[in-house]
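When reading the values below, keep in mind they use all heavy atoms of this one structure, side chains included, and skip hydrogens, waters and symmetry mates. Just so you know, ligand 1 is whichever comes first in the structure, and atom 1 is the first atom listed for that ligand.
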Amino acid sequence: MKKLIFATNNSHKLQEVRELLQGIVDVVSLAEIGLTGDIPETADTLQGNALQKAQWVYERTGEDCFADDTGLEVEALHGAPGVYSARYAGEHCTYKDNVDKLLSALEGNKNRKADFRTVVCLMEDGKPRYFEGRVDGEILTECYGSEGFGYDPIFMPERFSVSFAEMPIEIKNSISHRGRAIQQLVDYLKSNHEA
Ligand code: IMP
């Protein structure tokens with residue numbers, strides 16, 4: 001089976017992506033290869049950050065790898081926090097700080113429309129290739145559920161009546177931004193790497 005290093009230090013993402021790529025790709029974590037340190041993400045686009053993360057791993061290992069970058073885009077906030085979703089409430093903030101800041105920013109606002117967008121960068125033989133996934137939904141007025149991470153407790157995908165944090169991982173994966181981007185990656189790998 002093809003081996004791909006996943007350029008993330010986020011254990012939730014690793015769990016989601018491993019579930020999605022089970023039986024298709026052997027997903028190797030940074031911990032497993034002993035690669036430590038902060039992966040840079042200083043670009044101002046999701047694609048730029050995904051490339052930066054994948055390149056960081058490729059330069060250190062010379063191995064095929066992939067990275068993802070995600071943004072939560074809120075219509076009433078003109079697309080914020082977007083590419084700055086991780087540090088919306090400031091450097092070293094927690095998921096809860098970000099959620100609280102977003103709930104405050106939308107307090108009393110009837111337009112709760114938002115989407116999550118993920119760009120995955122696959123680095124094969126040093127060449128980048130991109131895959132994108134998106135899910136539309138809305139921002140709830142308080143937190144629901146304890147699964148997942150980040151903004152999951154306040155994001156309800158369209159056609160559902162529960163937040164991402166109230167869903168089992170398989171259901172979130174089947175409709176999420178990351179799930180859809182990884183599915184594109186799977187389709188590419190299947191059509192280009194048939195044994
Ligand atoms: P990253 O730069 O791809 O790690 O994502 C930026 C931020 O978006 C993260 O720190 C999380 O707060 C949030 N995020 C990314 N993916 C998800 C998700 O699947 N659910 C909820 N929040 C997410």
Problem set entry | Interatomic spacing from CZ in F116 to CZ in R178 - rounded to 0.5 Å | 8.5 Å
Side-chain donor/acceptor pairs under 3.5 Å, residues 143-160, sequence neighbours excluded:
unit_1: Y151; atom_1: OH; unit_2: S85; atom_2: O; d: 2.7
unit_1: D152; atom_1: OD1; unit_2: K172; atom_2: NZ; d: 3.4
unit_1: D152; atom_1: OD2; unit_2: F149; atom_2: N; d: 3.0
unit_1: D152; atom_1: OD2; unit_2: K172; atom_2: NZ; d: 2.9

Problem set entry | CA sep, side-chain torsions, deciding dist, call: K53, E41, side-chain contact (heavy atoms from CB on, under 4.5 Å) | CA-CA 7 Å; K53 294 183 213 180; E41 45 178 307; 3.8 Å; yes
For this session: State plainly whether one hydrophobic cluster holds both L30 and L4, where clusters connect Ile, Leu, Val, Met, Phe, Trp and Tyr through side-chain heavy atoms under 4.5 angstrom apart.
Result: no
Short N or O contacts of ligand 1 with protein, under 3.5 Å, listed by atom name?
unit_1: ligand 1; atom_1: 2 (O); unit_2: E41; atom_2: OE1; d: 3.0
unit_1: ligand 1; atom_1: 2 (O); unit_2: D69; atom_2: OD1; d: 2.9
unit_1: ligand 1; atom_1: 3 (O); unit_2: K13; atom_2: NZ; d: 2.7
unit_1: ligand 1; atom_1: 3 (O); unit_2: T70; atom_2: N; d: 2.9
unit_1: ligand 1; atom_1: 4 (O); unit_2: K13; atom_2: NZ; d: 2.8
unit_1: ligand 1; atom_1: 5 (O); unit_2: T70; atom_2: O; d: 3.4
unit_1: ligand 1; atom_1: 16 (N); unit_2: R178; atom_2: NH2; d: 2.6
unit_1: ligand 1; atom_1: 19 (O); unit_2: K172; atom_2: NZ; d: 2.8
unit_1: ligand 1; atom_1: 19 (O); unit_2: H177; atom_2: NE2; d: 2.9
unit_1: ligand 1; atom_1: 19 (O); unit_2: R178; atom_2: NH1; d: 3.1
unit_1: ligand 1; atom_1: 20 (N); unit_2: D152; atom_2: OD1; d: 2.6
unit_1: ligand 1; atom_1: 22 (N); unit_2: Y151; atom_2: N; d: 3.1

For this session: Hey, can you tell me if F164 and H177 have their rings parallel, tilted or perpendicular (30° and 60° cut-offs)?
Result: tilted
Exercise. Is any side-chain N of the basic residue among E32 and R18 closer than 4.0 Å to the acidic one's carboxylate O?
Worked result: yes
